[in-house]
Student: 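Structure incoming, see below.
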Amino acid sequence: MLQRLSTLFLRTLREDPSDAEVPSHRLLVRGGYIRRAAPGGFTWLPLGWSVYRNVENIVREEMNRAGFQEVHFPALLPREPYEATGRWADYGDNLFRLKDRRGNDFLLAPTHEEMFTLLVKDLYSSYKDLPLSIYQIQTKYRDEARPRAGLLRGREFSMKDSYSFDIDDAGLQRSYDAHREAYQRTFDRLGLPYVIVSAVSGAMGGSASEEFLAPLEVGEDTFVRCTDNVCGYAANTEAVQVRVRESLPSVDAPAAHAENTPNTPSINALVSLMNHEPGLRRADRDWVAGDTLKNVVVMLRYPDGTSQPLVVGLPGDREVDMKRLEAQVSPAEVEPFGDEDFAKHPSLVKGYIGPSVLGIHGTSGIRYLVDPRVVPGSRWITGANEHGKHVVDLVCGRDFTPDGNIEAAEVHAGDPCPNCGSALEIARGIEIGHIFQLGRKYAEALGLSVLDQNGKQVVVTMGSYGIGVSRAVAAIAETCYDDKGLCWPREVAPADVHVVIAGKDEAQIAAAESLCHGLTGAGVRVLLDDRAGVSPGVKFNDAELIGVPTIVVVGRGVANGTIEVKDRKTGVKEDISLAGAVAHLAALCQ
RNA sequence: CGGGGAGUGGCGCAGUGGUAGCGUUCCUGCUUUGGGUGCAGGAGGUCGGGGGUUCAAAUCCCCCCUCCCCGACCA
């Protein structure tokens, strides 16, 4: 393959586009790979499309290698299947909806669980047909509230989505493991570093799920992992399970007693007062925020329009993490509890809410879920449900009983690893893949079952697995660039070798042409900068911006029978003889 | 959706009521040819959209759209 810059549909930019912030967006636009075409939508130019296809092909090859078969669905789909699974409502504003000329509802698919389930139902009806894993590489549509960062979060993007179908849970586990392995191979080939983290399944439903995150600061996901990888634990913050003892040994705490604590609607004010008031001071040490039990009220809004209050109790040194809370209450959305809501619930005294009125059996009737650190036997200072008063020595299990636990408290760096107890660290990552054990949710909703060996109908159990293909292009760019431009791994690069003709000397041009002819004959993909009247400086800069892994300069060395070979990533240059150049470069490119 | 910033030629920017400018890109000619050559001439803009105020609006007022950042949202 030989592409000539003299005719390539390309214009590089001399300056960074002002609306691009993250490196991948900035450099892909500047290098002439993509152009913004719509809010959250991009046009791929020849160089970009070439990289995109390389990535797509690697994904495809690895799926095929694992024995998964490719199919292809429309992106434009009718409402009914999504109605059957409840996702027409659950997806909310994020779903692109439209009507045909008869007024029938359609959607642009955000993902295809329903259609795959129906397709298998359409064709298969026996356990003998299973297991089955099929996939597609398709354009997906999600009406994101805020598209951002170029290709990293668009409203139209390309995704490889696979679905597995098994007769039982053991089969699902095998299919899941097969996908997990295929994903590891895929990301290894793409040159993408990744961390596999435990995740929550969110709107997808189902049980076990893991995310593949490329650990990069520009990523939108926050995850924790065991510092120095002591035990290998890693999880999305949403999925972190706090490790606590079941209960504390029964303490000989005095009976709970209410105290006057005027003007202490905040934890800080309360702790400060408790430490300064002689009658309230603690003998052995100062009170700290972690001694208090903070009760946060929120309103849960469900997709059907109903709403319901919830109180989350947690140690006063932590805030509620909205992402973690929403992951727990999904598909409900969390809204702040406003003054008018307080007016409707007079038993809740803002700033002084305590457990005695909470719980579905309490006077307020509001569900009360607590952080797992609030274990039976733990002792707290908390609101007395009276303005300016708090209760001290309130013991969980003795003086109050919550309705249950909830993982909604912030995770802090240094918190103990749930697995081994060593400190956790917090990092950011780009979600490049996600694998789910869906279970039977979709098969049940859409009636996908097969006959087993005994002639009995068995509901099929499913998994779903996604790789963001267009996002992977951006993620790869993010992992490999410098102040001069992009720097692609060879397998995804738009070419293997970028040949620059440095001078206008006939001998140089002839040498470059002959070299390129030899290279393409050897199966090397070549980009040739044969632009006449363009100064060498411009060509060098463009070559570095475009980021092909090997740059060859055919210039004044030709007089001595040599050319220069430069590694884009390391910057290492070496002069090699023109005579052996094809063999040398072909070996370099494998 | 909340907070902040911004929309002027392909790209980067100036322009606070009076003839739309600069740099770059692009075209022509000469020049230069190993790190974004130099000179000269030229092309390219309904100033995000709509309404309003005014003799006159890129500029002032109102509404909307879009982009960027933070948060919320988000397989």
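Here is the naming used below: chain letters follow the sequence lines, and residue numbers restart at 1 for every chain.
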Student: Between Asp177(A) and Gln173(A), does any side-chain donor sit less than 3.5 Å from a side-chain acceptor?
Tutor: yes

Student: The criterion is salt bridge (charged side-chain N to carboxylate O under 4.0 Å, His left out); which residues satisfy it with Arg471(A), sequence neighbours excluded?
Tutor: none

Student: List in chain and number order the residues that pass salt bridge (charged side-chain N to carboxylate O under 4.0 Å, His left out) with Asp16(A), two or more places apart in sequence or in another chain; answer none if no residue qualifies.
Tutor: Arg26(A), Arg30(A)

Student: What's the gap between C11(B) and C26(B) when it is taken at their C1' atoms, as a whole Å value?
Tutor: 12 Å

Student: With both distances under 3.5 angstrom, what nucleotide forms a Watson-Crick or G-U wobble pair with C1(B)?
Tutor: G71(B)

Student: Distance check needed: C69(B) C1' versus Leu152(A) CG, whole Å only.
Tutor: 15 Å

Student: Centre-to-centre under 6.0 Å for Tyr135(A) and Phe116(A), is that the case here?
Tutor: no

Student: Using the P atom as the point on both nucleotides, what is the distance between G45(B) and A20(B), in whole Å?
Tutor: 14 Å

Student: Is there a donor N/O on one and an acceptor N/O on the other, under 3.5 Å, for the side chain of Arg148(A) and the base of C68(B)?
Tutor: no

Student: Is the distance between the ring centroids of Tyr442(A) and His112(A) under 6.0 Å?
Tutor: no

Student: In this structure, how many angstroms lie between the C1' atom of C74(B) and the CG atom of Asp221(A), rounded?
Tutor: 9 Å

Student: Identify the nucleotide, in any strand shown, that forms a Watson-Crick or G-U wobble pair with G12(B), with both distances under 3.5 Å; if there is none, say none.
Tutor: C22(B)

Student: Looking at A6(B), which nucleotide sits across from it as a Watson-Crick or G-U wobble partner, both distances under 3.5 angstrom, or is there none?
Tutor: U66(B)

Student: Applying ring pair (Phe, Tyr, Trp, His ring centres under 6.0 Å), name anything that partners Phe106(A), two or more places apart in sequence or on another chain.
Tutor: none

Student: Round to a whole Å and report the spacing from CZ of Phe42(A) to P of U66(B).
Tutor: 15 Å

Student: Polar-atom pairs under 3.5 Å, protein N or O versus N or O of nucleotides 39-49 of chain B: list them with distances, or write none.
Tutor:
none

Student: In whole Å, I'd like the distance from the CG atom of Asn541(A) to the C1' atom of G35(B).
Tutor: 6 Å

Student: Between the side chain of Lys573(A) and the main-chain N/O of Asp567(A), is any donor-acceptor distance below 3.5 Å?
Tutor: no

Student: Does one side chain, of Asp166(A) or Thr461(A), offer a donor that lies under 3.5 Å from an acceptor on the other?
Tutor: no

Student: Where along residues 23-36 of chain A does a heavy atom come under 4.0 Å from RNA chain B, residue by residue in number order?
Tutor: Arg30(A), Arg35(A), Arg36(A)

Student: When the C1' atoms of U31(B) and G38(B) are considered, how many whole Å apart are they?
Tutor: 7 Å

Student: Select from Glu21(A) and Pro17(A) the residue whose nearest nucleotide in RNA chain B is closer to the 5' end of that strand.
Tutor: Pro17(A)

Student: Under 3.5 Å for both donor-acceptor distances, Watson-Crick or wobble: does G41(B) have a partner, and if so which one?
Tutor: C27(B)

Student: If we take the C1' atom in both A58(B) and C47(B), what is their distance in whole Å?
Tutor: 5 Å

Student: Tell me, please, which residues at least two apart from His179(A) pass ring pair (Phe, Tyr, Trp, His ring centres under 6.0 Å).
Tutor: Phe68(A), Tyr465(A)

Student: List for me each residue that meets side-chain contact (heavy atoms from CB on, under 4.5 Å) alongside Glu156(A), sequence neighbours excluded, and say none if there are none.
Tutor: Thr139(A), Tyr141(A)

Student: Looking only at atom C1', what distance separates G12(B) and G17(B), rounded to whole Å?
Tutor: 27 Å

Student: Given that Arg471(A) and Lys566(A) both sit by RNA chain B, which one's nearest nucleotide is further toward the 5' end?
Tutor: Lys566(A)

Student: In whole Å, I'd like the distance from the CZ atom of Arg153(A) to the C1' atom of C69(B).
Tutor: 16 Å

Student: Does any nucleotide pair with G34(B) by Watson-Crick or G-U wobble geometry, both distances under 3.5 Å, and what is it?
Tutor: none

Student: Partners of Ser18(A) by side-chain contact (heavy atoms from CB on, under 4.5 Å), sequence neighbours excluded?
Tutor: none

Student: Is the shortest distance from a Lys or Arg side-chain nitrogen in Arg79(A) or Glu83(A) to a carboxylate oxygen in the other one below 4.0 Å?
Tutor: yes

Student: Between C73(B) and C27(B), how many Å separate the two C1' atoms, rounded to a whole number?
Tutor: 48 Å

Student: Please classify the nucleic acid contact of Asp542(A) as base, sugar-phosphate, or nothing, using heavy-atom distances under 4.0 Å.
Tutor: base

Student: Could you run down the sub-3.5 Å N/O contacts of the protein with nucleotides 32-34 of chain B?
Tutor:
unit_1 : atom_1 : unit_2    : atom_2 : d
U33(B) : O4     : Lys504(A) : NZ     : 3.3
G34(B) : O2'    : Arg556(A) : NH1    : 3.2
G34(B) : O2'    : Arg556(A) : NH2    : 3.3
G34(B) : O6     : Arg556(A) : N      : 3.1
G34(B) : N2     : Glu564(A) : OE1    : 2.8

Student: Does a side-chain N-to-carboxylate-O contact under 4.0 Å join Glu56(A) and Lys160(A)?
Tutor: no

Student: To the nearest angstrom, how far is Leu213(A) atom CG from C74(B) atom P?
Tutor: 17 Å

Student: Can you check the distance between C55(B) and G49(B), where both ends of the measurement are the P atom (answer in whole Å)?
Tutor: 24 Å

Student: Does the gap between the ring centers of Tyr33(A) and Trp488(A) come in under 6.0 Å?
Tutor: yes

Student: Any protein N or O atoms within reach of nucleotides 20-26 of chain B? Criterion: under 3.5 Å, listing atom names and distances.
Tutor:
unit_1 : atom_1 : unit_2   : atom_2 : d
G23(B) : N2     : Glu15(A) : OE1    : 3.3
U24(B) : O3'    : Arg14(A) : NH1    : 2.8
U25(B) : OP1    : Arg14(A) : NH1    : 2.8

Student: Let me have the donor-acceptor pairs involving side chains of residues 541-558 of chain A, under 3.5 Å, with sequence neighbours excluded, atom names and distances please.
Tutor:
unit_1    : atom_1 : unit_2    : atom_2 : d
Asn541(A) : ND2    : Gly537(A) : O      : 3.0
Asp542(A) : OD1    : Thr12(A)  : OG1    : 2.8
Asp542(A) : OD2    : Arg531(A) : NH1    : 3.4
Asp542(A) : OD2    : Arg531(A) : NH2    : 3.0
Glu544(A) : OE2    : Lys566(A) : NZ     : 2.6
Thr550(A) : OG1    : Arg490(A) : NH2    : 2.7

Student: What is the distance from OH of Tyr141(A) to C1' of C74(B), rounded to the nearest Å?
Tutor: 19 Å

Student: On a whole-Å scale, what distance lies between the P atoms belonging to G23(B) and C61(B)?
Tutor: 32 Å

Student: For Asp19(A) and C68(B), what is the distance between atoms CG and C1' respectively, to the nearest whole Å?
Tutor: 7 Å

Student: How would you list, by chain and number, every residue that makes a side-chain contact (heavy atoms from CB on, under 4.5 Å) with Ala427(A), sequence neighbours excluded?
Tutor: Phe223(A)

